[in-house]
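Read through the structure below, which is laid out as structure tokens, and then see the notes.
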Amino acid sequence: MPMPDTPQQFASDNYAGACPEALDAMARASAAGSAAAYGDDAWTRLAADAICTLFETQAAVFFVLTGTAANALALATLCPPYCSVIASDIAHIETSERGAPEFFSGGSKTLTPPCPDGKLTPDAIRLCRRKASGAHASEPAVVSITQPTENGLLYTLEEIRALAEICKECGLKLHMDGARFACAIAALGCTPAAMTWEAGVDALSFGGTKNGMAVGDAVVFFDRSLARGFAERTKQAGQLASKMRFITAPWLSMIQSGAWLRNAEHANACAHRFAKAVETIPNVQLAWPVQSNAVFLLMPEQAMNSLRAKGWRFHVFFGAAARFLFAWDAQTDALDALAADIQACVASLPASFP
Ligand SMILES: *Cc1c(COP(=O)(O)O)cnc(C)c1O
């Protein structure tokens with residue numbers, strides 16, 4: 001039975017289907033017939049090699065099913081159970097993973113200094129270290145930053161280098177949650193190496209799902225010695241896909257075809273188009289500048305309600321901001337229609353507003 005037609009929604013970038021490059025690769029990997037299981041296959045080797053080539057370094061590369069698993073298992077590998085991870089107070093690992101990093105590390109804490117605009121700063125790290133020192137405290141072992149951040153902002157390369165510098169000074173490992181890593185690369189126009197190991201990042205959760213794949217995120221350790229135990233944790237956590245080729249054949253294809261970057265460029269461009277269409281509407285405000293594929297809007301609550309009544313789905317984050325996210329498949333017609341509906345909803349508010 002065909003599913004009912006619903007207009008395209010922008011509530012999240014994982015509402016999107018899988019892009020042709022990813023889907024075709026799955027079909028081809030299936031048509032190849034029998035292949036070794038649990039990642040002992042050619043696609044998995046080639047996908048790991050392709051990621052190393054992309055990053056211009058011999059990294060240790062792993063594939064898991066979700067971004068939560070990528071973050072939690074990477075952090076558990078980097079952080080002893082009696083230590084802590086410093087992250088921003090709006091970090092996905094803090095707000096949206098049901099304590100998975102703490103659970104898989106077996107006792108670590110997440111320390112979340114308040115961060116202006118969702119970005120960690122060297123001062124915030126210093127403050128955390130001061131507060132969590134001494135034999136009884138969960139001493140920080142890792143810093144985790146999200147690039148782009150949960151509210152759609154970017155750390156500049158200088159900012160990443162400055163964070164890495166203080167990490168190095170204090171013996172902390174630096175992890176990057178790159179659920180939307182491709183969007184950050186597309187926006188900054190730098191190399192993947194420049195945004196990660198060259199800047200001092202030790203490990204990366206590299207998002208595939210939100211970039212246009214059906215399933216599967218990668219974990220990249222730039223210092224291979226830091227990956228010790230990661231493979232074992234992956235199996236223990238139920239994150240070792242037995243038909244691994246259906247994750248890694250799409251990864252290989254996405255990188256070889258350039259779709260990983262094209263998808264992100266499209267997503268970012270759609271966010272900018274949408275922001276341009278709504279930013280001049282009276283009583284509508286961008287909560288943050290648009291720097292990646294996310295647009296956060298402040299608007300009257302009644303306007304949000306009538307937008308929902310028109311059938312649009314979206315989440316309200318950080319107490320007040322309606323979030324719209326654009327994926328590889330975002331259609332300009334649909335996002336223009338959304339912008340027009342926002343305009344109509346705000347225009348129909350009672351004249352006494354605010
Ligand atoms: C989506 C997302 C993840 C991963 O989420 P999963 O739903 O587990 O795949 C991790 N970090 C950030 C910032 C995200 O937006």
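Whatever order the structure lists ligands and atoms in, that order sets their numbers, starting from 1. Owing to the predicted nature of the structure, the values given are computational and were not obtained by experimental measurement.
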Amino acids contacting ligand 1, non-hydrogen cut-off under 4.0 Å = Thr66, Gly67, Thr68, Asn71, His92, Glu97, Thr146, Glu150, Asp177, Ala179, Arg180, Lys210
For a quick test of your reading: what N or O donor-acceptor pairs under 3.5 Å do the side chains of residues 123-136 make, sequence neighbours left out?
residue : atom : partner : partner atom : Å
Asp123  : OD1  : Arg126  : NH1          : 2.8
Ser133  : OG   : Arg130  : O            : 3.3

inquiry  = Tell me if the CD atom of Glu139 is crowded by more than 12 foreign heavy atoms within 6.0 Å.
reply    = no
request  = Identify the residue among Trp260, Tyr155, Phe55 that makes a ring pair (Phe, Tyr, Trp, His ring centres under 6.0 Å) with Phe181.
outcome  = Phe55
query = When you look at CZ of Arg228, are more than 12 heavy atoms from neighbouring residues, nucleotides or ligands closer to it than 6.0 Å?
reply = no
key: Trace of the side-chain contact (heavy atoms from CB on, under 4.5 Å) decision for Phe103 with Glu97   = CA-CA 10 Å; Phe103 178 77; Glu97 299 188 356; over 6 Å; no
ask   = Name the one of Phe314, Phe274, Phe318, Phe10 that satisfies ring pair (Phe, Tyr, Trp, His ring centres under 6.0 Å) with Phe296?
value = Phe318
